[in-house]
There are 2 protein chains.
Amino acid sequence: MNERTETNEQRGQERRTDRRVSRTRRQLRDALLALIIEHGYDSVTIEQITQRADLGRTTFYLHYRDKEELLIESIDSIAQELLVQVVPLPKPGQMGEDDAPRDPAQAATLLVFRHAAQNSLLYRVILRGEGALKANTRFHEIIQSSVREYVEELNRSAPDFQPMVPLEVFSSYFAAALLGLVTWWLERDMPYSPEEMSEYFRRMFFRGARGALIPNEVTP
Amino acid sequence: MNERTETNEQRGQERRTDRRVSRTRRQLRDALLALIIEHGYDSVTIEQITQRADLGRTTFYLHYRDKEELLIESIDSIAQELLVQVVPLPKPGQMGEDDAPRDPAQAATLLVFRHAAQNSLLYRVILRGEGALKANTRFHEIIQSSVREYVEELNRSAPDFQPMVPLEVFSSYFAAALLGLVTWWLERDMPYSPEEMSEYFRRMFFRGARGALIPNEVTP
DNA sequence: TATAATAATAAACATCATGTACAGAATTAG
DNA sequence: CTAATTCTGTACATGATGTTTATTATTATA
């Protein structure tokens, strides 16, 4: 039959081969992120974006329906940047049994704090700024699903073990706690190093409030 | 110059005695909250607000500079409603030593889940919706400062005790974890009761990840 | 209750960002 | 090379914002 539908039928996917398109979209993303840092998300106007990107205003609407659609794509590009660092981490090991610093979960939180520090200006505006809706949700989802996979991996190695908290609740709690702590930390101009923050997080999350507040608890 | 558009609130101290003023402001608040539930925050227009409140559009600007100023006041009125329930709770007792269900901290989180359930429609839109910026920040502040006072009270009864995590970090962590869990819970249409959620939160927060996932941990 | 002060109102107005339409210029892919 | 596409500028309609002004309505209080 038609084995040569390649040229026209795959346009939906291959449309972005056109250099102009990918270049334009990248310019728009960069312009938006830069403007968000400078003026915050809400006050940024489409004209400013296209002006910064050195493009005509009409061109914007050839690619995105509105400012928010561009924001989502931009956030995803940042989140993806973080995710590719986290994913290659080693598999579970044995979380819960011990909280050794080599725990991959611990390493992952450190990566999060570091990535936030590297992009602190953007993170700040994005996490508590006007675009917070999309950014928080997106990051939350990413972190949550990572934790979910992580714990499910744990479950496979101990099949008949029954968590005392629903997995969804657990992973959502983790994501919210971590993201919230990152946000607070950035707003205070990062008063501690990523390593310290990661360590504090470990104490609170893995050992709980008792472990975090009381120094001399008897470790079982 | 334009720092204070001088709405007529900062003049005398008791200038709000005029019935017309308090009535108008209350009408505007109610209208906004209702419209937020119906259409979300962003799309609500000043004209809709005043129309719903049965007021002239110009009247709005006699009281608030813009939609956001009204939003903040409205959120505060909700947060205040929650706070007055939390404050009269008994003093510390001994948190950390035991996690008995009568712990006032535990009781407070239960109140939060209950209040969220009672105002679930509003909470949903406000916490993850477009107005999330202000709402989250405000609630976060309130919860955080409550925890802070609580722990400082603890400190007074054991003066030479040195927490292993800075108090600010600890209280911020608590606020973020609780708020995040509430948000997740509302978005999922409250799949568990407030009592269950409060209990899950207790396990994760007080006992930590090990206590939350592993059932048979040896309790010291 | 009378009256001065204050608040609410409608109408008109200027401003600004948005989103769309269109026709021509520029660039790209094949 | 050339046909397809992408980009561009201009123009226009729309809708919300925030202000101004003159007038009416309500309130506090003496």
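Just so we're on the same page: letters track the sequence lines, and every chain starts at 1. From a predicted model like this one, the values you see are computed outputs, not experimental measurements.
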Please report, rounded to the nearest Å, how far the [atom2] atom of [N] is from the [atom1] atom of [X].
X	N	atom1	atom2	result
A/Tyr41	C/dA17	OH	P	15 Å
A/Leu62	C/dA26	CG	C1'	14 Å
B/Ile46	C/dA8	CD1	P	16 Å
A/Arg57	D/dT6	CZ	P	21 Å
B/Glu47	C/dA12	CD	P	15 Å
A/Gln27	D/dT6	CD	P	16 Å

Do the side chain of A/Arg20 and the base of C/dT27 come within less than 3.5 angstrom through a donor-acceptor pair of N or O atoms? yes

Taking only the side-chain heavy atoms of B/Asp66 (C-beta and beyond), determine which of D/dT27, C/dT18, D/dG18 contains the nearest atom. D/dG18

Could you work out which one of C/dA7, D/dC7, D/dA16 sits closest to the side chain of B/Thr45? D/dA16

Looking at every strand, decide which applies to B/Thr58 at a 4.0 Å heavy-atom threshold: base, sugar-phosphate, or nothing. base

So A/Tyr123 and A/Phe139, would you call those rings parallel, tilted or perpendicular, with 30° and 60° as cut-offs?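 Ring orientation, 0 to 90° scale: tilted.
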
Relative to the ring of A/Phe205, is the ring of A/Phe170 parallel (under 30°), tilted (30 to 60°) or perpendicular (over 60°)?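 Tilted: the ring planes of A/Phe170 and A/Phe205 meet at 30° to 60°.
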
Any pair with a residue in residues 25-60 of chain B that passes ring pair (Phe, Tyr, Trp, His ring centres under 6.0 Å), sequence neighbours left out, goes on the list, sorted by first then second residue, please. B/Phe60-B/Tyr64

Can you tell whether the side chains of A/Arg52 and A/Glu47 come within less than 4.0 Å, N to carboxylate O?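 No, A/Arg52 and A/Glu47 are not salt-bridged.
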
